Amino acid sequence: MARGKLRIYLGAAPGVGKTYAMLSEAHRRVERGTDCVVAFVEHHDRPRTEVMLRGLEQVPRRELEHRGGVFPEMDLDAVLARRPRVALVDELAHTNVPGSRNAKRWQDVEELLAAGIDVVSTVNIQHLESLGDVVESITGVRQQETVPDEVVRRADQVELVDMSPEALRRRMAHGNIYQPDKVDAALSNYFRPGNLTALRELALLWVADRVDAHLTRYRSEHRVSRIWGSRERIVVGLTGGPEGRTLIRRAARLAEKGAGGEVLAVYIARSDGLTSASPKELALQRTLAEDLGGTFHHVVGDDIPAALLSFARGVNATQIVLGSSRRKTWQYVFGPGVGATVARESGPDLDVHIVTHDEVAKGRGLPVARGARLGRSRRVWGWITGVAGPPVLTALLSTVDLGLANDMLLFLALTVAAALLGGLLPALASAAVGSLLLNYFYTPPLHRWTIADPKNIVAIVIFVAVGAAVASVVDLAARRTHQAARLRAESEILSFLAGNVLRGETGLEELLERVRETFGMESAALLERESDVEPWTCAGRVGQGRPVERPDQADVDMPVGDHMALALTGRVLPAEDRRVLAAFAAQAAVVLDRRRLREEADRARALAEGNRIRTALLAAVSHDLRTPLAGIKAAVSSLRSEDVEWSEEDRAELLEGIEEGADRLDHLVGNLLDMSRLQTGTVTPLIREIDLDEVAPMALGGVPEGSVELDVPESLPMVEVDPGLLERAMANLVENAVKYGPPGVPVLVAASALADRVEVRVADRGPGVPDTAKDRIFEPFQRYGDAPRGAGVGLGLAVARGFAEAMGGTLNAEDTPGGGLTMVLTLRAAGTRPGALPLAEPERQVS
């Protein structure tokens, strides 16, 4: 089924006529024979709007009760069952009454669209979710009902319903919007002229941005390369020199002269990374462009004029701002310059402004790249071969006569060797020296700087040309090799960063150290601030260089977003290194965010655990502690009553109940205190060597006589424990086993020695615990199965495990063979007691 189409009437404020325009559209469609119904339209007692509802089919509304009132809502099921071609749904941002299928009306609209029904709706600009803070700052009112921007942006049509603030206030004063008793308050508060003007501007800008996005998509889909001057877009061409700031300010002033002007600063770098731009200057220009409301772009292109024009046409720019050339007069022999070329090739639809500045004709400082890609030793040997080689070869050839052709081939071979070793300049030197020597010693007339045969002139010219060509190829190959090595290194670094992102391994300090080592810097620091007016703070720093408090104090700074920067000290990096540095900076920001999120998650986890403990503790105090207190209070009140004559048996029974309640309270409070000590980490065991059979009988004092069978051989080695903690742990284990064991079947407490440890097993024949719940029963406030509330607060096993781990032992749960649960308490053995005799059959103490 094809998805329905959504049309939205967008207004700047209530009363501009959105609903009226929607109903007018409905009448036009009905007249054309379209099946159109009113799913939900609220006329707010406005006579003109109410009149527009006449003649349109309305789907009955659904009434819902909420807090003693009855509220009408759109009956979504009825509209879906009616299946009209078009449905009118007013107030897209409306929040539905509890009990509706969806929380928001825009979600109801999504269901209608998914069912293939076209929807016409309305919404005010202040209800867009992204503008909530802006609207609140303008009007002082926080909008509670909002709709996601994406819902409105996905609409097939958005039509702006506009009205001037003066006209809207007149409509308000005439009573066409609110009831008369509300008009004065509305005009003096929300409907002030300033508020309405600001909201109108928001609506106009939002719609303009949407139109601009549609225009860009249309130009891309239809491959329109010609510039359409629908709005002023000014591209500033930057070279990285200090004049860039002057150009950006001039472009900003040009943009201010036209409504909706936009500034795009662009720096074009050569693909081989050769540049005379200052990275620090480019960073300052980026900040200036963004502060003035523009954007900064980094483009790669060897043909700078072509790349600049391609960028300008791609963004549908109308003007280009360039600075006057910094080249000296003699440098124009290399070409007309970027400004002249751009102006010549811009065409009639793109204006070019050439702006003068203080750096005009001071030299552009072009970098010298040739030879820089070869090693120092190779260049030295290249110069030796190119300058000293021809005289040596001339001396050798003076002893033999090989003919001019062979002599020229030998000199050519020497020039090629100089090119292979040192690049272009040594090869040209070799060709020049060799040609002079060939002319003087081997070309008739000999020993004169003239050439008699024109054929020899051609030969010498070819000789020089071949030497220069070979040298150029070698120089180009050296540069490409350097590029390949550099790109390989960059790919390895980026692969390393990508791996860290996926694995989440590298910490902030380790990453900063990697940055410092990779670029050979003295120090690296990640700086951040909360806002533009706040001071910079250091989130992390490595190295021994001078401390950096602000990005502009560093030799290299790489912005990360609006309020974060990676600052390096030691040297100025070339432009080609900034690509990798940008990746490092982005990764540093990710690592910092990940670390903070982890810390927040840990704090949230600790708070959640604390809240869970407190909630369970309150539940325990509210019920499990109150129950024995209530029993004690009732028994004491009964004993003190003078209206009843109690027999001795009754008095003894009441006193026994008081004693049992007090014991139960003592047990519960003891467990609560023990768990509190474990949670706060204040349990400090006093470890000493003791016999297990001295502690085990004392742990059985809280259970009925005959309910436990004790099997602790005297031959067991001593254990290293805190006797008090061990007694409490064993007592909790035994009481838990007796509680869940069947009546009449004693619980077995058996101990045995295994290697360097002693195991105490508390086995019952109760219902047992599934494997999936064996770890959960050791958590605080856990009761297994349908244990009654009066059975305890669920701390016994948690306290027992906490005490066991505090003593260096372990506590785990296993199945009892034949059914039931066995608690296995493992303790560290202190060694065999001197003089202990092995028993043929261990004695059993029955309690």
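Because the structure is a prediction, the values reported are computed rather than measured. Nothing fancy with the numbering, it's 1 onward along the sequence.
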Does T239 form a side chain to side chain donor-acceptor pair (under 3.5 Å) with E243? I'd like the steps, not just the answer. CA-CA 8 Å; T239 64; E243 76 280 1; 2.7 Å; yes
Please name the pair of heavy atoms, one in [X] and one in [Y], separated by the smallest distance, quoted to 0.1 Å.
X    : Y    : answer
Y9   : M22  : CE1-CA, 3.7 Å
L527 : A567 : CD1-CB, 4.1 Å
A539 : R596 : CB-NH2, 4.3 Å
V123 : A93  : CG2-CB, 4.3 Å
L309 : S346 : CD2-CA, 3.9 Å
A39  : V79  : CB-CG2, 3.8 Å

Does this structure show an ion pair linking E110 with R154, if we count only N-O contacts that are shorter than 4.0 Å? yes
Does E50 come within less than 4.0 Å of R46, counting only side-chain N to carboxylate O? no
Using atom types as modelled and distance alone, determine if a side-chain donor or acceptor of [X] lies under 3.5 Å from a backbone N or O of [Y].
X    : Y    : result
D156 : L6   : yes
R250 : V355 : no
S121 : V89  : yes
T49  : Y20  : no
E73  : V97  : yes
S310 : A306 : no
T197 : P193 : yes
N124 : H127 : no
H27  : M52  : yes
T318 : R233 : yes

Might you confirm whether atom [atom1] of [X] has over 12 heavy atoms from other residues, nucleotides or ligands at distances under 6.0 Å?
X    : atom1 : answer
Q58  : CD    : yes
E150 : CD    : yes
E57  : CD    : yes
R142 : CZ    : yes

Check whether any side-chain heavy atom of [X] sits under 4.5 Å from a side-chain heavy atom of [Y], and report yes or no.
X    : Y    : answer
L92  : I8   : yes
P165 : F191 : no
L247 : L322 : no
L199 : T139 : yes
V263 : L292 : no
V266 : L308 : yes

Working to the nearest 0.5 angstrom, can you tell me the gap between [X] [atom1] and [Y] [atom2]?
X    : Y    : atom1 : atom2 : answer
I248 : R253 : CD1   : CZ    : 12.0 Å
E25  : C36  : CD    : SG    : 8.5 Å
R54  : L23  : CZ    : CG    : 12.5 Å
R550 : C538 : CZ    : SG    : 14.0 Å
L264 : T295 : CG    : OG1   : 4.0 Å
D118 : L112 : CG    : CG    : 10.5 Å

Side chain to side chain contact (heavy atoms under 4.5 Å, CB included) for I138 and Q126? Distances and angles first, verdict last. CA-CA 10 Å; I138 295 172; Q126 66 263 30; over 6 Å; no
Report yes or no: do [X] and [Y] form a side-chain donor-acceptor pair below 3.5 Å?
X    : Y    : answer
D108 : N96  : yes
H353 : Q319 : yes
D90  : T122 : yes

Could you go through T537 and E528, starting from their C-alpha distance and side-chain angles, then the distance that decides it, and tell me whether this counts as side chain to side chain contact (heavy atoms under 4.5 Å, CB included)? CA-CA 5 Å; T537 59; E528 63 174 347; 3.7 Å; yes
Worked verdict on F311 versus H297 for ring pair (Phe, Tyr, Trp, His ring centres under 6.0 Å): CA-CA 10 Å; F311 175 84; H297 305 268; 5.2 Å; yes
Kindly indicate, with the supporting measurements, whether the criterion side chain to side chain contact (heavy atoms under 4.5 Å, CB included) is fulfilled by V321 and V352. CA-CA 6 Å; V321 174; V352 179; over 6 Å; no
Please assess E159 against K18 for the test salt bridge (Lys or Arg N to Asp or Glu O under 4.0 Å), listing each intermediate value before the final yes or no. CA-CA 9 Å; E159 183 171 333; K18 304 179 302 300; over 6 Å; no
In a check of side-chain contact (heavy atoms from CB on, under 4.5 Å) between [X] and each of [options], which one passes?
X    : options          : result
L238 : R286, Q285, R245 : Q285
L128 : T146, V147, V135 : V147
T95  : Q144, E145, R105 : E145

Is there a salt bridge (Lys or Arg N to Asp or Glu O under 4.0 Å) between R200 and D162? Walk through the geometry before answering. CA-CA 8 Å; R200 188 187 189 196; D162 188 29; 2.8 Å; yes
Mind running side chain to side chain contact (heavy atoms under 4.5 Å, CB included) on V152 and W106 for me, showing each step along the way? CA-CA 10 Å; V152 183; W106 65 264; over 6 Å; no
Exactly one of R83, R85, R29, R82 clears salt bridge (charged side-chain N to carboxylate O under 4.0 Å, His left out) with D35, and that residue is R82
Start with the C-alpha gap between E31 and R28, add the side-chain angles, then the distance that decides, and say whether salt bridge (Lys or Arg N to Asp or Glu O under 4.0 Å) holds. CA-CA 5 Å; E31 291 174 0; R28 286 192 293 271; over 6 Å; no
Is the NZ or CZ atom of R61 both under 6.0 Å from the centre of the six-membered ring of F40 and within 45° of that ring's axis? yes
